[in-house]
Amino acid sequence: MSDSFTAMVIDTVDGKQQAAFRQLTVADLPDHDVLVEVAFSTVNYKDGLALSGKGRIARRTPMVGGIDLAGVVVESRSDKWVAGDKVVLNGWGLSETEWGGYSRYQRVKAEWLIALPQEFSLEQAMAIGTAGYTAALCVNALEDWGTIGVDDRDVLVTGAAGGVGSVAVSLLASKGYKVTASTGRPETHDYLASLGATDFIDRATLSEKGSPLQKERWAGAVDSVGSTTLANVLSQTVYGGAVAACGLAGGADLPATVLPHILRSVALLGIDSVMAPMAKRERAWRALSQHLDPVHLERLTRIEPMSALPQIADDIVAGRIRGRVVVAIT
């Protein structure tokens, strides 16, 4: 494999991180145990920040971008995997501390990989990607907490038209929960309704500063926005309810008080997808294989070539992406 191939590489130029296509060979790749031919990757919000230069995501450079990959094992020095195995990788520091999925080939650690669930193709696995897998982690955490579905209160999903939100809406609806979708794009209402949302709330009403305790509305919530939105969601969650927080599209701050927690016993459940233990990962993928409607998955997905990465990165940071974008690497 001496031939070169294309990768999207982040470098530091004049003190700033910049992403550009570059030719690599297998000899350039990290010295990890499993060589994967990457078929598909995807673009998450963090990828958008890294590629657009709007966020310093890579901890070192040069760095191949892309926090997800799905492909086929070519070579393995580990007894866990053999050539021909179809595998998926989400997180584990890819595009931050480890070279990522925007590359025809990538070498990765054996313990990072999971077998492609038989219910999904490689393309579908990246239609789900970190966003969908994170949504499943959130739903599992809310169900473990035990208050969603106890009464007829809705479960709120913020950033509902994005990748995490779209999959969360579909998963929750397929499990029989009533879902309210928060979005600032009214044109996505029909799309979200097709995924199972039964009500809508404008994101502007959640992004304005509110009182520490507001009317109890939500049995639970999946939040990918953070900041004032998350503070308002916590203040509107029912006694004993929980909010699974996994993102910061609206900001990393949390201008909240302890009142919802100590007066209503509301829980804030932090959801990390990057370093989640394998047991949680496998459970999340089982939930996706059992409850994510394949028709919904197709509806929320579009496929783009790797050459479109710069534009997709700008679009996702600007909030112009609906659902999920699959990047065809090969």
Side-chain angles (χ1 to χ4, degrees), residues 131-132 134-250 254 256 260 264 266-269 271 287 291-293 296 299-300 319 321-324:
T134 301
L137 290 173
C138 290
V139 173
N140 286 346
L142 290 176
E143 290 187 321
D144 288 347
W145 192 253
T147 55
I148 61 172
V150 173
D151 55 27
D152 63 352
R153 304 262 192 175
D154 283 19
V155 180
L156 176 69
V157 177
T158 67
V164 173
S166 294
V167 178
V169 168
S170 179
L171 275 179
L172 287 162
S174 71
K175 285 171 167 279
Y177 302 115
K178 292 170 59 181
V179 181
T180 290
S182 170
T183 176
R185 295 180 279 173
E187 67 274 14
T188 65
H189 285 191
D190 288 345
Y191 157 75
L192 290 166
S194 75
L195 299 181
T198 56
D199 202 358
F200 303 92
I201 181 171
D202 194 303
R203 70 182 176 203
T205 65
L206 293 173
S207 61
E208 299 171 355
K209 184 176 180 180
S211 61
L213 284 177
Q214 301 174 38
K215 181 181 178 181
E216 296 174 76
R217 302 184 64 179
W218 318 116
V222 174
D223 175 67
S224 59
V225 179
S227 192
T228 305
T229 294
L230 177 54
N232 281 319
V233 173
L234 289 167
S235 72
Q236 296 172 11
T237 299
V238 302
Y239 187 95
V243 178
C246 63
L248 44 67
L254 180 56
R264 289 184 180 164
V266 172
L268 175 57
L269 309 176
I271 305 299
H291 298 287
L292 182 58
D293 188 326
H296 289 182
R299 187 174 293 143
L300 61 85
I321 296 292
R322 189 189 80 174
R324 299 284 294 141

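If you read the sequence from its start, that first residue is 1, and numbering goes on from there. Atoms considered below: every heavy atom in the structure, side chains included; atoms not considered: hydrogens, waters and symmetry mates.
For the side chain to side chain contact (heavy atoms under 4.5 Å, CB included) with Leu156, the lone residue among Leu206, Val179, Leu172 that qualifies is Leu206.
For Arg185 against Ala161, the heavy-atom pair with the smallest separation is NH2-CB, 3.3 Å. What you find for Thr228 and Ser207 is that their closest heavy atoms are CG2-O, 3.5 Å. In this structure, Pro212 and Pro260 approach most closely via the heavy-atom pair O-CG, 3.4 Å.
Counting heavy atoms from C-beta outward, Val139 and Val155 have side chains that stay 4.5 Å or more apart. When side chains are defined from C-beta on, Leu292 counts as touching Leu171, because their heavy atoms get closer than 4.5 Å. Two residues are said to be in side-chain contact when any heavy atoms from C-beta on lie closer than 4.5 Å; Leu254 and Leu268 meet this criterion.
A distance-only check finds no donor-acceptor pair linking the side chain of Ser224 to the backbone of Cys246 [under 3.5 Å]. With hydrogens and angles ignored, the 3.5 Å screen pairs a side-chain donor or acceptor of Arg299 with a backbone N or O of Ser194. Ser227 places no side-chain N or O within donor-acceptor distance of the main-chain N or O of Thr229, the cut-off being under 3.5 Å. At distances below 3.5 Å, not a single donor-acceptor pair connects side-chain atoms of Ser166 with backbone N or O atoms of Gly163.
Qualifying ring pair (Phe, Tyr, Trp, His ring centres under 6.0 Å) partners for His291, counting only residues two or more places apart in sequence or in other chains: none. Residues passing the side chain to side chain contact (heavy atoms under 4.5 Å, CB included) test with Ala160, sequence neighbours excluded: Val157, Val169, Ala181, Leu192. Residues forming a salt bridge (charged side-chain N to carboxylate O under 4.0 Å, His left out) with Asp152 (at least two apart in sequence, or on another chain): none. Partners of Ser170 by side chain to side chain donor-acceptor pair (under 3.5 Å), not counting sequence neighbours, listed by chain and number: His296. Remark: Thr147 pairs with no residue by the side chain to side chain donor-acceptor pair (under 3.5 Å) rule, at least two apart or across chains. Residues meeting the side chain to side chain contact (heavy atoms under 4.5 Å, CB included) test with Ala242, sequence neighbours left out: Leu142, Trp145, Ala267, Leu269. Annotation: side chain to side chain donor-acceptor pair (under 3.5 Å) contacts of Asn140 (sequence neighbours excluded): none. Looking at residues two or more places apart in sequence or on another chain, you find a side chain to side chain donor-acceptor pair (under 3.5 Å) between Ser235 and Gln214.
For residues 225-236, there are no salt bridge (Lys or Arg N to Asp or Glu O under 4.0 Å) pairs, not counting sequence neighbours. Sorted by first and then second residue, the salt bridge (Lys or Arg N to Asp or Glu O under 4.0 Å) pairs involving residues 210-236 (not counting sequence neighbours) form an empty list. Residue pairs meeting the salt bridge (Lys or Arg N to Asp or Glu O under 4.0 Å) criterion with at least one partner in residues 157-176, sequence neighbours excluded, are Glu143-Lys175. Legend: ring-ring contact (aromatic ring centres under 6.0 Å, His included) pairs involving residues 184-219, not counting sequence neighbours, sorted by first then second residue: His189-Phe200.
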Verdict with reasoning, Arg264 to Leu213, per side-chain contact (heavy atoms from CB on, under 4.5 Å): CA-CA 9 Å; Arg264 289 184 180 164; Leu213 284 177; 3.8 Å; yes
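Note that CG of Asn232 and OG1 of Thr205 are 8.0 Å apart. Values are rounded to the nearest 0.5 Å. In this structure, CG in Asp293 is found 7.5 Å from OG in Ser174, a value given to the nearest 0.5 Å. Atoms OG1 and CD1, from Thr180 and Ile201 in turn, are 7.5 Å apart once rounded to the nearest 0.5 Å. To the nearest 0.5 Å, atoms CZ (Arg153) and CD1 (Ile148) are separated by 14.5 Å.
Other residues, nucleotides and ligands contribute at most 12 non-hydrogen atoms within 6.0 Å of the CG atom of Asp190.
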